[in-house]
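These values consider heavy atoms only, across backbone and side chains, with no hydrogens, waters or symmetry-generated copies. On a predicted model such as this, the values are computed, not experimentally measured, just so you know.
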Protein chains: 2
Amino acid sequence: MTARPIASANAIATIAALIGDPARANILSALMGGQALTAGELCWHAGVGAPTTSGHLAKLTEAGLLAVERQGRHRYYRLASPVIAQAMESLMAVATAGPPRHRPPGPKDEALRAARTCYDHLAGRLGTALADRLSDLRLVIIGDGGALVTDDGRDFLAGLGLTFPEAGGNHRPLCRTCLDWSERRPHLAGQLGAALLTCSLERSWIARMPGSRAVTITDAGSKGFAMVFGITPEHLAPK
Amino acid sequence: MTARPIASANAIATIAALIGDPARANILSALMGGQALTAGELCWHAGVGAPTTSGHLAKLTEAGLLAVERQGRHRYYRLASPVIAQAMESLMAVATAGPPRHRPPGPKDEALRAARTCYDHLAGRLGTALADRLSDLRLVIIGDGGALVTDDGRDFLAGLGLTFPEAGGNHRPLCRTCLDWSERRPHLAGQLGAALLTCSLERSWIARMPGSRAVTITDAGSKGFAMVFGITPEHLAPK
DNA sequence: GGAACGCTTCGGCCATGGACGAAGCGTCGG
DNA sequence: CCGACGCTTCGTCCATGGCCGAAGCGTTCC
């Protein structure tokens with residue numbers, strides 16, 4: 001007379017178990033940057049040998065968490081869908097929200113806290129500062145758990161060369177918020193968030209740090225973010 | 001020369017591994033209903049023996065996923081925080097979004113699809129219908145990934161006897177959206193979502209089905225939802 | 001006070017699955 | 001065409017951890 005539980009619980013368990021292995025979590029974490037990586041690079045990130053990594057990648061791909069693309073003798077793996085990144089962030093939120101455990105800051109973490117990519121958009125102090133400024137300027141309205149782009153906001157973004165399809169329909173949300181795990185406040189995701197990241201990279205306002213999700217703000221970036229969004233160094237200072 | 005990965009990946013793995021066990025996933029799923037359950041009830045949901053369940057509960061509590069409260073000779077367990085439920089929903093979204101796997105509907109699933117609780121708010125066709133109607137009536141504005149309550153909405157809710165603190169600050173979001181895994185469209189969560197569920201239960205518009213997250217709509221509920229929100233039987237019909 | 005109950009702890013069994021070395025494919029470079 | 005390279009498959013080892021029965025502790029009921 002044992003249980004007959006809700007069927008979907010097993011589906012959750014399957015996915016969670018997949019993420020629950022340290023090597024696989026490292027792989028997924030590395031891919032949260034949004035760029036596709038080769039099996040070799042992921043092997044390095046995973047911290048295990050090549051055969052083991054290959055097995056993990058096969059499982060993740062089989063489960064639909066990763067997508068793979070062959071290119072020459074390399075195989076490029078990437079997250080199969082943004083919802084995967086979202087789930088990872090949710091788990092990260094649980095991990096940091098838990099009991100007041102010691103969370104070692106570390107030097108590399110400081111870089112991550114300052115500015116990093118979160119799948120395909122900006123996070124960290126830079127990400128939250130952008131969200132704050134856009135909100136202050138009434139270009140987006142950040143509500144509880146979500147965000148809307150105002151007409152002013154559309155005009156402003158068009159001025160930056162960023163245009164978007166109309167809201168609604170089945171395509172990707174124009175703008176949504178994403179809880180920043182280091183700042184504990186929202187930053188902007190969705191099409192808008194992705195466009196801001198792309199735009200910042202194209203203008204060389206930020207540069208990716210190799211082997212990390214962290215990004216550095218260039219001199220041009222300091223000027224650019226200040227000029228366009230009014231972001232001051234104080235916004236980006238730790239604490 | 002093995003890896004030096006991002007520290008937080010291990011934190012994710014720990015949490016995910018915890019959720020990744022079928023018995024524990026069942027326990028967490030059962031608690032998604034928002035009410036606290038005794039170890040014995042959870043034992044039934046978990047589908048394993050009492051000693052095993054006790055071990056799982058200890059692990060989950062130790063990790064900060066569950067909170068426990070002793071009451072007489074019973075111990076009531078509940079999710080330690082809403083972010084846990086959010087993470088579970090994210091994982092569910094990944095599970096259903098994945099490859100077009102067969103997902104067996106089943107009779108009990110139909111009840112879940114019709115109306116169920118999602119942690120502390122309503123989901124399923126009833127949940128999405130409520131969200132739709134509130135949106136149609138311009139009481140809330142459902143944007144991409146988020147929701148805002150309008151002034152009209154506040155007045156309307158006040159008329160139902162529901163009042164909320166001002167937005168902003170550190171307290172819980174007034175209203176946010178939550179992706180409905182069965183309808184693939186948003187329903188309303190946050191304080192507003194919780195209040196709607198409580199209100200519906202108090203008025204006996206809905207009744208919990210024992211041992212399940214599903215709820216049934218009472219006769220009074222059919223009238224009430226139609227009268228107050230304009231929800232018709234068509235809104236609640238399958239497909 | 002004693003028995004029933006709810007839950008946890010202890011001890012031991014066993015399967016799952018993650019790890020690596022060696023070998024097997026495909027691709028690129030000279 | 002051969003060797004180096006990138007990645008995967010195969011086979012094997014081994015530890016982690018889930019599971020249960022028995023026993024222990026605290027609470028409630030009669």
[X] vs [N]: side-chain N/O to OP1/OP2 distance below 4.0 Å:
X	N	result
A:Thr52	C:dG18	no
A:His74	C:dT27	no
B:Lys59	D:dG18	yes
A:Ser54	D:dT8	yes
A:Arg24	C:dG18	yes
A:Arg73	C:dG29	no
A:His56	C:dG17	no

Select base, sugar-phosphate, or nothing to describe what B:Tyr76 touches, counting heavy atoms under 4.0 Å on all strands. nothing
Name the nucleic acid region contacted by B:Thr38, choosing base, sugar-phosphate or nothing; use a 4.0 angstrom heavy-atom cut-off, strictly under. sugar-phosphate
From [atom1] of [X] over to [atom2] of [N], roughly how many Å is that when rounded to an integer?
X	N	atom1	atom2	answer
A:Asp21	C:dA19	CG	P	5 Å
A:Leu57	D:dT9	CG	P	11 Å
A:Leu60	D:dT8	CG	C1'	15 Å
A:Leu18	C:dT16	CG	C1'	15 Å
B:Glu69	D:dT27	CD	C1'	17 Å
B:Glu41	C:dC7	CD	C1'	13 Å
B:Glu62	C:dT9	CD	C1'	16 Å
A:Gln71	C:dC28	CD	P	10 Å

[X] versus [Y]: any side-chain heavy-atom pair under 4.5 Å?
X	Y	answer
A:Val215	A:Leu122	yes
A:Ile12	B:Met32	no
A:Arg208	A:Leu201	yes
B:Ile27	B:Tyr77	no
A:Leu91	B:Ile19	yes

Nearest heavy atom decides the nucleotide; on that basis, is A:Ala23 or A:Gly72 closer to the 5' end of DNA chain C? A:Ala23
Nearest listed nucleotide, side chain of [X], among [options]:
X	options	result
B:Pro51	C:dC10, C:dA19, D:dT8	C:dC10
A:Arg70	C:dC20, C:dG26, D:dT8	C:dG26
A:Val48	D:dG18, C:dC20, D:dC20	C:dC20

Which value, rounded to the nearest 0.5 Å, describes the distance between A:Leu37 atom CG and A:Arg75 atom CZ? 16.0 Å
